[in-house]
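The structure under discussion appears below in the form of structure tokens.
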Amino acid sequence: MPELPEVEVVRRGLDRFVTGRTIESAQVLHPRAARRHSAGSADLQSRLAGRTIVTVSRRGKYLWFALDGRESALVAHLGMSGQLLVQPGVASDETHLRARFIFTDRGRELRFVDQRTFGGIALDPLVSDGSGGSVPVTVAHIARDPLDPEFDDALWVRRLRGKTTGLKRALLDQTLISGIGNIYADEALWRARLHWAQPTDELAAPKARVLLTEVRAVMNEALAQGGTSFDALYVNVNGESGYFDRSLAAYGQQDRPCSRCGRPIVREAFMNRSSFRCPHCQRAPRNPRT
DNA sequence: GATCGGCCCTGCCCGC
DNA sequence: TGCGGGCAGGGCCGAT
């Protein structure tokens, strides 16, 4: 379940292995993997052949490979179970191999593996990000992430408090702040002692700033440990898992004692998924919003 | 326009 | 043993 720290770990690995290399051929092996490329798999394959990767960038959970000329980029989203692996060409195909990129130097190839096919790849034009950089057009609507130096804390606090929704829903809204998924939302809320149904328009600005500080703290700690992994679904480009799941305080900790107060963590239904919190440290608001 | 619920998809796990 | 249902969840889309 890759969120920002996991995607950043992958980006760093890819930057090392694929920057400066020229794609000889791209093979899309499952049509759903290229569903976001409107012209289809064959078009994607033909447009990538002969192109050189010049940088590997990230915003939130989106990754992109800028191509020579810097007018277009190969965009990748890992969804829930996507992996970008750098593998020797002789390695046997993974069960859920969805796309393969072979380079002209005939060194290790890049593979997109995705069990649940929520992820995907597409070729996109690059447009200005408004700060001298560029971003793929389909990523332009995604907000900057909290580890982005250009992230505007004060603007986020204003926009958050201008919403009339629940706090966790707002944390998961990638147009408000990107890179946060279910795991880090629960962890940051636990650290900030806030309930997921806290109405955003009733959240005091200082508390919002505390929450943002905790979001950054938990993400930086996870990044330092190579990300979170619960199973084999999240791995870096070498197929290795991170260690941060051993440091989780709320997510997945149902019935275990809260490390602050000792009361059991509860699991609650939220947006067709689960939310974990300490019932003592994270009290329900008077007017909960889902 | 903003908010919110439902759907896509596959494999694992549990209960019957 | 085998089957069916529930669950995991990011992003998109349609309904309100």
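Just so it is clear: chains get the letters A, B, ... in the order the sequence lines come, proteins before strands, and each one is counted from 1. Predicted, not measured: the structure shown is a model, and the values here were computed from it.
Where A/Lys163 and A/Arg273 each meet DNA chain B at their nearest nucleotide, the meeting point lying more 5' is that of A/Lys163.
Here B/dG11 presents its C1' atom at 7 Å from NE2 of A/His96, a figure rounded to the nearest Å. The distance from atom CD of A/Gln254 to atom C1' of B/dC13 is 15 Å, rounded to the nearest whole Å. Atom CD of A/Gln174 and atom P of C/dG11 are 5 Å apart (whole Å). Atom CG of A/Leu78 and atom P of B/dC9 are 19 Å apart (whole Å). Per the geometry, CG belonging to A/Leu63 stands 14 Å off C1' belonging to C/dG10, to the nearest Å. If you measure from atom CG of A/Leu171 to atom P of B/dC4, you get 14 Å, rounded to the nearest angstrom. Atom-to-atom, CG of A/Asp114 to P of B/dC9 comes out at 12 Å; the value is rounded to the nearest Å. When the P atom of B/dC4 is taken as reference, atom NZ of A/Lys168 falls 15 Å away, rounded to whole Å.
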Quiz item: Does the side chain to side chain donor-acceptor pair (under 3.5 Å) test come out yes or no for A/Gln83 and A/Glu94, once each step is laid out?
Solution: CA-CA 11 Å; A/Gln83 303 172 347; A/Glu94 292 75 9; over 6 Å; no
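The side chain of A/Thr165 places an N or O atom within less than 4.0 Å of a non-bridging phosphate oxygen (OP1 or OP2) of B/dC4. An OP1 or OP2 oxygen of C/dG11 is reached within less than 4.0 angstrom by a side-chain nitrogen or oxygen of A/His77. For C/dG11, the OP1/OP2 oxygens have no side-chain nitrogen or oxygen of A/His141 closer than 4.0 Å. For A/Thr164, no side-chain nitrogen or oxygen approaches OP1 or OP2 of B/dA2 to under 4.0 Å. Between A/Ser274 and C/dA8 there is a side-chain N or O to OP1 or OP2 distance below 4.0 Å.
Base engagement by A/Arg169 is indicated by at least one non-hydrogen atom pair under 4.0 Å involving a base atom.
Listed nucleotides C/dG11, B/dT10, B/dC9 differ in distance to A/Phe118; the shortest reach to its side chain belongs to B/dC9. Side-chain proximity of A/Arg116 to the nucleotides B/dC9, C/dC12, C/dG11 is greatest for B/dC9. For A/Arg267, the side-chain atoms get nearest to C/dA8 when compared with the rest of C/dA8, B/dG11, B/dC9. The listed nucleotides are B/dC9, C/dC12, B/dT3; the one nearest the side chain of A/Tyr62 is C/dC12.
Closest approach of A/Ser275 and A/Asp186 over heavy atoms only: OG-OD1, 3.3 Å. For the pair A/Leu84 and A/Ala76, the tightest heavy-atom approach, listed with the atom from each and the gap, is CD1-CB, 4.2 Å.
For residues 274-290 of chain A, the set of pairs meeting the salt bridge (charged side-chain N to carboxylate O under 4.0 Å, His left out) definition, not counting sequence neighbours, comprises A/Asp201-A/Arg289, A/Glu268-A/Arg277.
Checked against A/Arg21 for a side-chain hydrogen bond (donor to acceptor under 3.5 Å, both in side chains), the options A/Thr104, A/Asp105, A/Thr52 give a single hit: A/Asp105.
Over its full length, the helix from B/dA2-C/dT16 to B/dC16-C/dG2 turns its helical axis through 50°, comparing axes from the five pairs at each end and rounding to 10°.
By the 30° and 60° cut-offs, the orientation of the rings of A/Tyr62 relative to A/His77 is perpendicular.
Rounding to the nearest 0.5 Å places CH2 of A/Trp190 at 16.0 Å from NE2 of A/His195.
With respect to the salt-bridge test (charged N to carboxylate O, under 4.0 angstrom), the residues A/Asp145 and A/Arg58 qualify.
No N or O donor and acceptor, one from the side chain of A/Arg36 and one from the base of C/dG11, sit under 3.5 Å apart.
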